[in-house]
Engineer: 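Take this structure first; my questions come after.
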Amino acid sequence: MALETCGSCLSCLLVPLGLWSIVVNVLLYFPNGNASYVASYQHPNYVWYFEGICFSGVMILLLAIILIALECNAFYRCCQSESCNKTYRSFISIVLAMLGVAFSGYSCIIFTLGLIQGPFCNSSSGWDYIFKDTAGGYLTDYSAWSQCAEPANAVEWTIILLSLLMTLSGLQLIICFLKVAAELKRTLCGTYSVFIQAGIL
């Protein structure tokens, strides 16, 4: 019962998460708040995938808006009966929520791989992913962070922002899973109740 009740508010939670994903991903283009690296394209390759902007950002926002619209009572009736209309809306919501699972799951995987790969920075050997062979071991090897001479605080900037993006996309993934579960329960229970009523009549 609680899952069905909260199902309508889950879509609203996706809106701030999508907006924050866009903001945090944009910040990745300005390491340490410096805009000079944008023009020179000296950014990690995962930044150019635009996961935080497109997939866990714009796409999640669009899905959230459609889901919220579907939950409004003013939504267009596709069937003559109210039960058919609710089932149809639940089916669309399930499909959209599953797309949300795919978008946020893909983003979370890419952000994780980016965090393991490490920042793209300038060291004594030039611009490279100097931590790519550490399998994420650099995350706890604080003494190695000083190898990144440029941009300033590149390691800290990358770790913090990618961790935030992983958290945001992870929360989106959980919410979309819960949304699928809530709509499935609503659809199955609603269909079952229709069958019971039909049998009684």
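Computed from a prediction, not measured in an experiment: that's the story for all the values here. Starting from 1, each residue takes its place in the sequence as its number.
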Engineer: Let me confirm one number: the CG-CD1 distance from Leu61 to Ile22, rounded to the nearest 0.5 Å.
Structural biologist: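 Nearest 0.5 Å value for the CG-CD1 distance: 5.0 Å.
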
Engineer: Is Ser169 reaching over with its side chain to a backbone N or O of Met166, donor-acceptor style, under 3.5 angstrom?
Structural biologist: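 Between the backbone of Met166 and the side chain of Ser169 there is a qualifying donor-acceptor contact (under 3.5 Å).
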
Engineer: Does the plane of the ring in Phe55 sit parallel, tilted or perpendicular to the ring in Phe103? Use 30° and 60° as the thresholds.
Structural biologist: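 It falls in the tilted class, 30° to 60°.
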
Engineer: Identify the heavy atoms of Ser143 and Asp141 that sit nearest to each other, and give their distance.
Structural biologist: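 Ser143 and Asp141 have their closest heavy atoms at OG-OD1, 2.8 Å.
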
Engineer: A side-chain contact here means heavy atoms from C-beta on lying under 4.5 Å apart; do Tyr138 and Ile159 qualify?
Structural biologist: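 The answer is yes, as the side chains (C-beta and beyond) meet within the 4.5 Å cut-off.
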
Engineer: Quickly, which of Leu96, Leu14, Leu99 forms a side-chain contact (heavy atoms from CB on, under 4.5 Å) with Cys176? Name it, please.
Structural biologist: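 The passing option is Leu14.
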
Engineer: Enter the distance from Ser56:OG to Leu173:CG here, rounded to the nearest 0.5 Å.
Structural biologist: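 Result: 11.5 Å between the selected atoms.
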
Engineer: Taking Leu171 as the starting point, is it possible to reach Met98 by hopping between hydrophobic residues whose side chains are less than 4.5 Å apart?
Structural biologist: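 Not linked; separate clusters.
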
Engineer: Can you tell me how far NZ of Lys179 sits from CD1 of Ile94, rounded to the nearest 0.5 angstrom?
Structural biologist: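 So the CD1 of Ile94 and the NZ of Lys179 are separated by 9.5 Å.
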
Engineer: Quick one: does Leu19's side chain get under 4.5 Å of Val15's, heavy atoms only?
Structural biologist: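 They are in contact (side-chain heavy atoms under 4.5 Å apart), so the answer is yes.
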
Engineer: Is there a donor-acceptor pair closer than 3.5 Å between any side-chain N or O of Trp157 and the backbone N or O of Ala152?
Structural biologist: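 Here the side-chain-to-backbone pair does not exist.
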
Engineer: Would you give the length of the straight line joining atom CG of Leu17 to atom OG1 of Thr167, rounded to the nearest 0.5 angstrom?
Structural biologist: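 Reported value, rounded in 0.5 Å steps: 10.5 Å.
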
Engineer: I'd like to know whether Phe131 forms a side-chain contact (heavy atoms from CB on, under 4.5 Å) with Val155, so could you lay out the CA-CA distance, the side-chain angles of the two residues, the decisive distance to 0.1 Å, and finally the verdict.
Structural biologist: CA-CA 10 Å; Phe131 302 120; Val155 180; 3.8 Å; yes

Engineer: Does Leu63 share a hydrophobic cluster with Trp20, counting links as ILVMFWY side-chain heavy atoms below 4.5 Å and allowing steps through other members?
Structural biologist: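 Shared cluster, yes.
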
Engineer: Out of curiosity, does Ile68 fall in the hydrophobic cluster containing Val58 (side-chain heavy atoms, cut-off under 4.5 Å, transitive links)?
Structural biologist: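 Yes, it is one cluster - the side chains of Val58 and Ile68 are joined through contacts under 4.5 Å.
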
Engineer: Got Cys121 and Ile130 here, is their nearest side-chain heavy-atom distance under 4.5 Å?
Structural biologist: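 In contact.
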
Engineer: Measuring from Leu13:CG to Ile175:CD1, what's the distance to the nearest 0.5 Å?
Structural biologist: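 Leu13 CG to Ile175 CD1: 4.5 Å, rounded to 0.5 Å.
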
Engineer: Enter the distance from Leu67:CG to Cys12:SG here, rounded to the nearest 0.5 Å.
Structural biologist: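 That separation rounds to 10.0 Å.
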
Engineer: How close do Phe111 and Leu162 get, counting heavy atoms only, and between which atoms?
Structural biologist: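 Nearest pair, atom of Phe111 first, then Leu162: CD2-CD2, 4.0 Å.
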
Engineer: Should Leu139 and Thr134 count as side-chain neighbours, where that means a heavy-atom distance under 4.5 Å?
Structural biologist: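 No - every pair of side-chain heavy atoms lies 4.5 Å or more apart.
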
Engineer: Same hydrophobic cluster for Ile174 and Leu10, using side-chain heavy-atom links shorter than 4.5 Å among ILVMFWY?
Structural biologist: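 Yes, same cluster.
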
Engineer: Following the transitive rule for hydrophobic clusters with a side-chain heavy-atom cut-off under 4.5 Å over Ile, Leu, Val, Met, Phe, Trp and Tyr, establish whether Ile160 and Leu168 coincide in one cluster.
Structural biologist: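 Yes, because Ile160 and Leu168 connect within a single hydrophobic cluster, where side-chain heavy atoms sit under 4.5 Å apart.
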
Engineer: Show the nearest heavy-atom pair for residues Leu115 and Thr158, with the distance to one decimal.
Structural biologist: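 Smallest interatomic distance, heavy atoms only, reads CD1-O, 4.5 Å.
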
Engineer: Evaluate side-chain contact (heavy atoms from CB on, under 4.5 Å) for Tyr29 paired with Ile53, printing each intermediate quantity in order.
Structural biologist: CA-CA 12 Å; Tyr29 292 95; Ile53 296 177; 4.1 Å; yes

Engineer: Taking atom CH2 of Trp145 as the centre, report whether more than 12 heavy atoms of other residues, nucleotides or ligands fall under 6.0 Å from it.
Structural biologist: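 Yes, enclosed.
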
Engineer: So do Leu70 and Ile92 actually touch side chain to side chain, heavy atoms under 4.5 Å?
Structural biologist: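 Heavy-atom side-chain distance check passes, below 4.5 Å.
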
Engineer: Set out, in order, the CA-CA distance, both residues' side-chain angles and the distance that settles side-chain contact (heavy atoms from CB on, under 4.5 Å) for Ser123 and Asp128, then state yes or no.
Structural biologist: CA-CA 8 Å; Ser123 64; Asp128 197 7; 5.6 Å; no

Engineer: Would you say that Gln172 contacts Ser21 through its side chain, given a criterion of any heavy-atom pair below 4.5 Å between the two side chains?
Structural biologist: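 Of all side-chain heavy-atom pairs linking Ser21 with Gln172, at least one is under 4.5 Å.
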
